[in-house]
Amino acid sequence: MLEVTTRNLKNAVVVVIKGDVDLYSSPKVRKIIIGLTKKKTENVLVDLTQVAYMDSSGVATLVEGLQQVGKYKGKLKLFGLESAVREVFELSRLDKVFEIYENEEKALGTLA
Amino acid sequence: MLEVTTRNLKNAVVVVIKGDVDLYSSPKVRKIIIGLTKKKTENVLVDLTQVAYMDSSGVATLVEGLQQVGKYKGKLKLFGLESAVREVFELSRLDKVFEIYENEEKALGTLA
Amino acid sequence: MGLKGDISKHPPVSDKAQDAIEFRVPSDPKILKIVRLSVSHLCDLAGFTAEERNGTTLAVDEACSNIIRHAYDGAHDQPIIVTCKLLTNGVQITIRDFGKNIRKSEIKSRDLEKVRPGGLGVHLIQSVMDVVKYERSSRKGNKLTLAKYKNVK
Amino acid sequence: MGLKGDISKHPPVSDKAQDAIEFRVPSDPKILKIVRLSVSHLCDLAGFTAEERNGTTLAVDEACSNIIRHAYDGAHDQPIIVTCKLLTNGVQITIRDFGKNIRKSEIKSRDLEKVRPGGLGVHLIQSVMDVVKYERSSRKGNKLTLAKYKNVK
Ligand SMILES: Nc1ncnc2c1ncn2[C@@H]1O[C@H](COP(=O)(O)OP(=O)(O)O)[C@@H](O)[C@H]1O
Ligand SMILES: Nc1ncnc2c1ncn2[C@@H]1O[C@H](COP(=O)(O)OP(=O)(O)O)[C@@H](O)[C@H]1O
């Protein structure tokens, strides 16, 4: 039921996630994000606008992605967090670790 | 959790239902609609735009309202049916018994 | 009514006990929404269309409502057990109660031509589901077996 | 971890058996959404704020995920029993499994300063719930009691 698609922009790849990210569905997210980091995609923007729920397995997947892009000095940024998703990041004290933006425009605006 | 509010227009009262109408919540809908028919409200428009689910107890409530307004030559019209709600009316073969409109504007347009 | 469609014609494709989800809920109208949310999601897992999902969810809701109103005469504190099985070609749902034994002759849908409130539940259940089978339990109570298959007309 | 908050300090205000909703589900990640939908609606019935509801739903999801991954080592066909009780001042949820007995010393949240994937579940459960009590069953398996009360800090 979870859908993950990617959209290529000039200077970034947007990963659009649609659905709940939990133990059942996070492997699908992981596959796509790790795939992008293997290709050393410079800027990965994760669109969470359509994610109403994320658990720790989803958060772990994004942390892993962040660590991978860090290895080649790439960026992984998040945008469009619903309140339930934002709460999980806050409770995990990762809201300061990730770059989190309101929407795609603002996330794009921070790219060189 | 179901909310039922009414809005008075010049020539009609709009009953706005928000939430699922089932055995638990339909008494709340019934109370409002029967209240209006007791006051012989000439035109009762039921706004179902925000109703994602209705079961036979909800349908029964609306049939009862229709019969009550019929007694004093009033009107009861429905609008804004979601597909799940529309299906229940079709399965009950009541889609031809009720006057059903797409939206409030169209329902209002049919009033004298 | 009795058997609608013969359940043996559509054997459950997977029926290991561990595939079943079982809910034990009180006969309180408040819990209907929880049952609906669960059944609806199960239908998504089964790959149902929106129409198949809405219909199945409605049927289970109507069946539980009837148990509350008829088998338990409106009591809110009696047990209902809903068991859902995901089949590869659909879902099977059994609903058990421990109330008054049903008289099969009473469980029938009425003439829809006469427009009146009520009396629609059994009709809706029968129109929507591929299998509708009411059984009296050997002791107290009843068991209703419902099934819906994908892509059946 | 052991007891967080003392459950006896907040006695369930209503705990007749008939107020409980019980789910028996397989240890399959697919069912997590059904459990979440149900718990989330129960929280609505309890009159929780969105934050209280989201937190409670998350905690139950994390607890079930941990059972699947740790108590059952990823097996998808083992039983989990989730029992939910509506209290007048909140909800109580117990989650039972029949897997490996937990070592309480192992169930602890890690240092969050070290940013790494994983190891967040227990922390999330503890941050959100007012009662978190792990018990080993006298035979095989474990029982986790969670509770959340309205308007606590
Ligand atoms: N679970 C049940 N136990 C006992 N009787 C039932 C049950 N379900 C349905 N019935 C009988 O079938 C009749 C038709 O049910 P239904 O179509 O749901 O309409 P209504 O309940 O509004 O009368 C009921 O009036 C009742 O006599
Ligand atoms: N239900 C459980 N059964 C057995 N061990 C558990 C259970 N829940 C948690 N644990 C133990 O607690 C540790 C921390 O769990 P958690 O915070 O969810 O992070 P993670 O599971 O990612 O390691 C786990 O690694 C495991 O050793």
Side-chain angles (χ1 to χ4, degrees), chain A residues 1-3 17-31 33-34 37 44 46 48 50-71 75-78 81-100, chain D residues 25-41 43-44 48-76 80 109-129:
Chain A
M1 259 99 31
L2 182 93
E3 282 172 40
I17 308 179
K18 193 173 163 182
D20 286 10
V21 186
D22 64 5
L23 188 62
Y24 179 53
S25 59
S26 60
K28 204 163 166 178
V29 177
R30 185 177 182 278
K31 207 175 146 198
I33 290 188
I34 297 306
T37 63
V44 179
V46 185
L48 297 173
Q50 296 168 93
V51 175
Y53 180 81
M54 184 178 288
D55 74 3
S56 69
S57 72
V59 170
T61 303
L62 295 174
V63 170
E64 197 185 342
L66 188 69
Q67 292 181 330
Q68 292 305 318
V69 300
K71 287 187 184 161
K75 294 277 181 198
L76 184 141
K77 306 185 183 210
L78 314 177
L81 279 67
E82 291 280 334
S83 57
V85 176
R86 185 172 289 276
E87 280 165 30
V88 184
F89 280 89
E90 284 166 8
L91 289 167
S92 314
R93 303 202 209 122
L94 289 165
D95 50 326
K96 299 284 175 279
V97 172
F98 282 94
E99 286 187 46
I100 298 178
Chain D
V25 296
S27 56
D28 185 327
K30 271 210 285 267
I31 58 76
L32 291 171
K33 181 151 185 167
I34 290 184
V35 173
R36 288 200 302 274
L37 289 167
S38 302
V39 170
S40 174
H41 182 62
C43 291
D44 283 339
F48 276 12
T49 63
E51 199 180 330
E52 289 166 342
R53 181 192 61 214
N54 295 343
T56 305
T57 306
L58 176 69
V60 176
D61 175 284
E62 296 289 347
C64 292
S65 293
N66 276 347
I67 288 172
I68 297 172
R69 295 185 306 134
H70 300 301
Y72 289 135
D73 284 324
H76 287 190
I80 300 178
S109 67
R110 66 172 172 83
D111 181 1
L112 294 186
E113 294 305 307
K114 302 195 183 85
V115 176
R116 64 164 182 84
L120 291 168
V122 169
H123 166 76
L124 291 172
I125 295 168
Q126 291 181 357
S127 331
V128 155
M129 301 305 284

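Letters A, B, ... mirror the listed sequences (proteins, then strands); counts begin at 1.
Using modelled atom types and a 3.5 Å distance limit, the side chains of Asp61(D) and Tyr53(A) yield a donor-acceptor pair.
For Met1(A), no part lies under 4.5 angstrom from a heavy atom of chain D. Of the two parts of Leu124(D), only the side chain, counted from C-beta on, holds a non-hydrogen atom closer than 4.5 Å to a non-hydrogen atom of chain A.
The stretch residues 65-73 of chain D places Ser65(D), Ile68(D), Arg69(D) near chain A, each with some heavy atom under 4.5 Å from a heavy atom of that chain.
Rounded to the nearest 0.5 Å, atoms CG (Leu48(A)) and CG (Leu81(A)) are 5.0 Å apart. The CD atom of Glu62(D) sits 11.5 Å away from the OG1 atom of Thr57(D) when rounded to the nearest 0.5 Å. In this structure, the separation between CZ on Arg36(D) and CG on Asn54(D) is 11.5 Å, given to the nearest 0.5 Å.
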Listing, residues 57-70 of chain A side-chain donor-acceptor contacts under 3.5 Å, not counting sequence neighbours, or none:
{"residue": "Ser57(A)", "atom": "OG", "partner": "Asp22(A)", "partner atom": "O", "Å": "3.3"}
{"residue": "Ser57(A)", "atom": "OG", "partner": "Leu23(A)", "partner atom": "N", "Å": "3.3"}
{"residue": "Ser57(A)", "atom": "OG", "partner": "Ser26(A)", "partner atom": "OG", "Å": "3.1"}
{"residue": "Ser57(A)", "atom": "OG", "partner": "Asp55(A)", "partner atom": "OD1", "Å": "2.7"}
{"residue": "Thr61(A)", "atom": "OG1", "partner": "Ser57(A)", "partner atom": "O", "Å": "2.7"}
{"residue": "Glu64(A)", "atom": "OE1", "partner": "Arg30(A)", "partner atom": "NE", "Å": "2.9"}
{"residue": "Glu64(A)", "atom": "OE2", "partner": "Arg30(A)", "partner atom": "NE", "Å": "3.3"}
{"residue": "Glu64(A)", "atom": "OE2", "partner": "Arg30(A)", "partner atom": "NH2", "Å": "2.6"}
{"residue": "Gln67(A)", "atom": "NE2", "partner": "Val115(D)", "partner atom": "O", "Å": "2.9"}

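Top candidate by heavy-atom pairs under 4.5 Å with chain D, chosen from Ser25(A), Ala84(A), Ser92(A), is Ser92(A).
Residues Val46(A) and Lys77(A) fail the side-chain proximity criterion, which asks for heavy atoms closer than 4.5 Å. Looking at heavy atoms from C-beta onward, Leu76(A) lies in side-chain contact with Phe98(A) at the 4.5 angstrom threshold.
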